[in-house]
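Note on naming: letters A, B, ... go to the chains in the order of the sequence lines (proteins, then strands), and numbering restarts at 1 for each one.
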Protein chains: 2
Amino acid sequence: MLRLTKKADYGLMALKYLAEQAGPVPAAEPDAHVSLAQSAKDIAEAYHIPPQLLAKILQTLAKAGILVSHAGTNGGYALARPASQITAFEVIRAIDGPLFITSCITIHGACDLTSHCTIKEPLRKVNDSIKDLLSGIRISDLIETSESRPGTETAVGGGLISIAL
Amino acid sequence: MLRLTKKADYGLMALKYLAEQAGPVPAAEPDAHVSLAQSAKDIAEAYHIPPQLLAKILQTLAKAGILVSHAGTNGGYALARPASQITAFEVIRAIDGPLFITSCITIHGACDLTSHCTIKEPLRKVNDSIKDLLSGIRISDLIETSESRPGTETAVGGGLISIAL
DNA sequence: CTCAATCCCGACCGTTAAGGTCTGGATTGT
DNA sequence: ACAATCCAGACCTTAACGGTCGGGATTGAG
């Protein structure tokens, strides 16, 4: 439950990969274009994920304006913006669709049980909080975080959270 | 995506209902027993949800120690603890099972793609944050929150969130 | 100009889990 | 003894997820 789809996972991985390929920003030209084009096939191989599936995911991200694509030999995908300007939220939303923690919260705000579903409001706030949470994470945050010595069980608990109900 | 199951929804509603039935704490006896017994059938009717399904949910919650049950005529379910000591997190966990935002994070911490899944750590923190978020919500927070004049579109944005990556 | 490497798109399919039902049995108050 | 309730498990249906396939449209390279 409350699970991200694998597609979203794959999408985030791919974006991270593209951000890394761009290099740690050559310092010289900060506006040099955001990342080199990589083919779907290459990225899929790098992470051992089904190429055809990843292809579709990348297409989706391109349609959403997160990636730019280029057909032809040596074509591929590149970030449409710097990695620091792409949030996990928009990626997930682009791939998995709108984010609703509960079936009560639909696009129109109404729920099938409209009147009797007394729990809607509080959950809606949780929903928004999660949204804010994911909006605060950028692709650039994903790279270089992987430096956790294996075995050291990386104390994770640091999530400082405050929610106002 | 990232959706709570309906079962969890129903469970929360039922708990809220039980908490309300207990009354706004008679002020006199704060330790008077937490709530009156209500049959699964009654609760189901109150919210128009399938009785047999709710029955199973309540059984699950009873097994988890969140509710106490009593068979026989005028039997039913009651909160095992005061509503202020039951968190949304434990309810959801009891009903939907362990909370993993991504398929990468399993019970053993490992993921199928173990080595190449480079995104695990950051998402794990998101996971923990959501857990903390839900742990901060108690059943008692759910009641009386529903006072939002319909039509006033209740500005929701107040979720104060800070996450430390 | 042709060819190969790409991206693009829609159809298809198997598996799984969610949501819900049914049936039979075990408690317990009246 | 009986009716109301909880308990437990098998069962079914549907939809979404994860993945595959095949055909078509770009575009750079030789």
State whether B:Ser39 places a side-chain N or O below 4.0 Å from either non-bridging phosphate oxygen (OP1 or OP2) of D:dA4. no
Within the pair A:Tyr10 and D:dG18, is there a side-chain N or O less than 4.0 Å away from OP1 or OP2? no
Run the numbers on A:Leu142 and A:Leu15 for side chain to side chain contact (heavy atoms under 4.5 Å, CB included), then give the verdict. CA-CA 9 Å; A:Leu142 297 182; A:Leu15 290 177; over 6 Å; no
What residues form a side chain to side chain contact (heavy atoms under 4.5 Å, CB included) with B:Ala8, not counting sequence neighbours? B:Leu4, B:Thr5, B:Ile92, B:Asp96
Indicate, with a heavy-atom threshold strictly under 4.0 Å, whether A:Ala40 touches base, sugar-phosphate, or nothing. sugar-phosphate
What nitrogen or oxygen pairs link the protein and nucleotides 11-14 of chain C at under 3.5 Å?
unit_1	atom_1	unit_2	atom_2	d
C:dA11	N6	A:Lys56	NZ	3.2

Using every non-hydrogen atom in the two residues, find where B:Tyr10 and B:Ile57 come nearest and quote the distance to one decimal. CB-CD1, 3.8 Å
Give me the distances for all protein-to-nucleotides 26-30 of chain C N/O pairs that come in under 3.5 Å?
unit_1	atom_1	unit_2	atom_2	d
C:dG29	OP1	B:His70	NE2	2.9

Sequence neighbours left out, what passes side chain to side chain donor-acceptor pair (under 3.5 Å) with B:Gln52? Give chain and number order. none
For A:Ser39, enumerate each residue passing the side chain to side chain contact (heavy atoms under 4.5 Å, CB included) test, keeping only those at least two apart in sequence or located in another chain. A:Lys41, A:Asp42
Nucleic acid contacts - residues 58-65 of chain A versus DNA chain C, non-hydrogen atoms under 4.0 Å: A:Gln59
A:Arg81 (side chain) donor-acceptor with A:Gln85 (main chain) under 3.5 angstrom: yes
Whole angstrom value for the distance that separates C1' of D:dA16 from NZ of A:Lys6: 14 Å
